[in-house]
Amino acid sequence: MTSGHVPSFLRSVLVLGPITALGPLTIDMYLPALPFIAGDLNTSMAGVQMTLTTYFLGFGAGQLIYGPWADQAGRKFPLYVGLLIFALSTVVCAFAPTADVLIIARFFQGLGGAVLMVIPRAIIRDLYTGLAAARLMGFILMVISVSPMLAPLIGTGLMQLGSWRIIFALLVIGAIIALVLLRFAYPETLAIHDRVAFHLRRFRDDAAVLLRDGAFMGLTFIGAFGMGSFFIFIASASFVYTVQFGLSSLQFSLAFACNGFGFFIATQLIAPIGKLIGMGRAVRVAVTLYACITLALLGLSLSGLITLPLLIVLLSCMSGCLGIVIPTTMVLALEDHGERAGLASSLGGTLQMVTGGIMIALLGPFFDGTVLPMVAAIAFCGVMGFTLMVLTGRAASRPLANKG
């Protein structure tokens, strides 16, 4: 129940859509600039990749904070604080004199940016049910899926105007616009009498239950390694495409968009595929195909047979598999934890983000700007995901309960 008047569906779309888009834009808009940042700040490829690792670590930690806080304090105040942290740290990113400063600032940018993922979903749950909730959540997912396709193109365009620092300046403007929209165009959606006090003991006990649940952990880490492979691609692709294959920043952005397109198409097919063969079977098929594609990429790279068109096609197919694996495994993981769904969602998201960040960090010492280290790390994630699916067994195969 809301604490004031219920905003119209159109207002929710116009406010929550741009706010949600800030998250993927922050991750993907500066990807074409990574080689330029490495040169400008006199750091290595591993050093500039660390700016992604720290962002994901901050993003993962923030999810555990904002969920319980928003249940206790309402939705808007945590949003204000998160956006303020995001904006201030983005200013530091824009003026960072060294790679170390940028790495630290990106952690706090992720810490603030996590609010953009957690709270809009809670707001939708406050305001809508049934078809309206599904429509609005579908729009939010579309924003999350489409933004990565457009973000590198926007970043490339901005770099034509000057330094890579302009990209972060635009993100600061976006954060300010989001704050203004929240302050003047959107009400608080969680009434005082609906707020839930945070209890550390219950938090600890529920977390212990989740961490000891093999099905929850297995399904979460299937999604985590899927996300890890996508993060490896995000951190490495600009170097691989521009160094090994000689693409321009614009050409890289277009190639990157193909991967985003594969993910977007798959997310639109989840519902009909789930109705046709069941969500559990869909996960098994998608994880199996994902592992096979990553091993094919590794084999082609080791044999020297990989070409740019083949790389783009196979990575796009891999992204399509991940578009089914990542969201569906989290739904299955939450199936037995309705009474602690908020914490389960936050903990699952944190584990996935941290796993992705760690995978980028592990790749760093071996990455040389060529395709082989990238696809080897991606194949490792594919094999781990498939192994966990086998070990998780029936939990990854069960049908979802029909709740209307």
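The shown structure was predicted, so the numbers you read here are calculated from the model rather than taken from an experiment.
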Identify the two heavy atoms, one from P373 and one from L363, that lie closest to each other, and give their separation to 0.1 Å. O-CD1, 3.5 Å

CG of L79 to CD of E188, rounded to nearest 0.5 Å, is 9.0 Å

side-chain hydrogen bond (donor to acceptor under 3.5 Å, both in side chains) partners of T53, counting only residues at least two apart: none

Looking only at heavy atoms, what is the nearest atom pair of G364 and A46, with distance? O-CB, 3.6 Å

Scanning both residues in full, the closest heavy-atom pair of V240 with L311 reads CG1-CD2, 4.4 Å

Calculate, to the nearest 0.5 Å, the distance between atoms CD1 and CD1 belonging to I119 and I19 respectively. 10.0 Å

So, do L298 and F380 sit near enough that their side-chain heavy atoms are less than 4.5 Å apart? no

What verdict does the side chain to side chain contact (heavy atoms under 4.5 Å, CB included) test give for V81 and W69, after you've listed the backbone C-alpha separation in whole Å, the side-chain angles of each residue and the deciding distance to 0.1 Å? CA-CA 11 Å; V81 174; W69 188 14; 3.7 Å; yes

To the nearest 0.5 Å, tell me how far T329 OG1 sits from L219 CG. 6.5 Å

D100: side-chain hydrogen bond (donor to acceptor under 3.5 Å, both in side chains) partners, not counting sequence neighbours: none

Does one side chain, of Q109 or T90, offer a donor that lies under 3.5 Å from an acceptor on the other? yes

Looking only at atom types and distance, does a side-chain atom of T328 sit under 3.5 Å from a main-chain N or O of V325, one as donor and one as acceptor? no

Would you check if I378 and F230 make a side-chain contact, meaning some heavy-atom pair closer than 4.5 Å? no

Looking at F252 versus F245, is the centre-to-centre ring distance below 6.0 Å? no

Go through L211 and L347 one step at a time and tell me if the side chain to side chain contact (heavy atoms under 4.5 Å, CB included) criterion holds. CA-CA 9 Å; L211 293 172; L347 180 61; 4.1 Å; yes

All ring-ring contact (aromatic ring centres under 6.0 Å, His included) counterparts of F366, not counting sequence neighbours: none

Quick one: list whatever passes side-chain contact (heavy atoms from CB on, under 4.5 Å) with A169, sequence neighbours left out. none

Here the pair of heavy atoms bringing V115 nearest to L83 is CG1-N, 4.1 Å

Provide the closest heavy-atom pair for T242 versus P35 in the form atom of the first, atom of the second, distance. OG1-CG, 4.0 Å

What I want to check is whether the side chains of Y30 and R106 have a donor and an acceptor closer together than 3.5 Å. yes

State which residues pass side-chain contact (heavy atoms from CB on, under 4.5 Å) with S249; sequence neighbours excluded, sorted by chain then number. P32, F36, T156, M159

Has F107 got more than 12 heavy atoms of other residues, nucleotides or ligands less than 6.0 Å from its CZ? yes

Tell me, do F221 and Q352 make a side-chain contact under 4.5 Å, heavy atoms counted? no

Quick check: does any side chain N or O of R195 sit under 3.5 Å from a backbone N or O of A70, one acting as donor and the other as acceptor? no

Between Q72 and A197, is there a donor-acceptor pair closer than 3.5 Å when you use the side chain of the first and the backbone of the second? no

Would you indicate whether F233, at its atom CZ, is surrounded by more than 12 heavy atoms from other residues, nucleotides or ligands within a distance under 6.0 Å? yes

Taking the side chain as everything from C-beta on, heavy atoms only, tell me whether L158 gets closer than 4.5 Å to W164. no

Under a 4.5 Å cut-off applied to non-hydrogen side-chain atoms, are M353 and M227 in contact? yes

Is any side-chain heavy atom of I293 closer than 4.5 Å to one of C321? yes

From CG (L34) to CG (L52), nearest 0.5 Å: 6.0 Å

S346 side chain to L64 main-chain N or O, any donor-acceptor pair under 3.5 Å? no

Rounded to the nearest 0.5 Å, how far apart are CZ of F263 and SG of C258? 16.0 Å

Looking only at atom types and distance, does a side-chain atom of K76 sit under 3.5 Å from a main-chain N or O of P187, one as donor and one as acceptor? no

Counting C-beta onward and ignoring hydrogens, is there a side-chain heavy-atom pair between Y186 and L16 closer than 4.5 Å? yes

Verify side chain to side chain contact (heavy atoms under 4.5 Å, CB included) between I360 and I234, making sure each step is shown before the conclusion. CA-CA 9 Å; I360 296 173; I234 287 174; over 6 Å; no

To the nearest 0.5 Å, atom CD1 of I222 lies from atom CG of L388 at 5.5 Å

Those residues at least two apart in sequence (or on a different chain) that pass side-chain hydrogen bond (donor to acceptor under 3.5 Å, both in side chains) with S229 are Y290

Short side-chain to backbone donor-acceptor contact, Y66 and L111, under 3.5 Å: yes

Where do C381 and G228 come nearest, in terms of heavy atoms and distance? SG-C, 4.1 Å

Can you check side chain to side chain contact (heavy atoms under 4.5 Å, CB included) on T307 and L310, steps first, answer last? CA-CA 5 Å; T307 63; L310 194 56; 3.3 Å; yes

Under the 3.5 angstrom rule, does the side chain of S253 hit a backbone N or O of P152 as a donor-acceptor pair? yes

Just wondering, do T26 and F86 contact through their side chains at under 4.5 Å, heavy atoms? yes

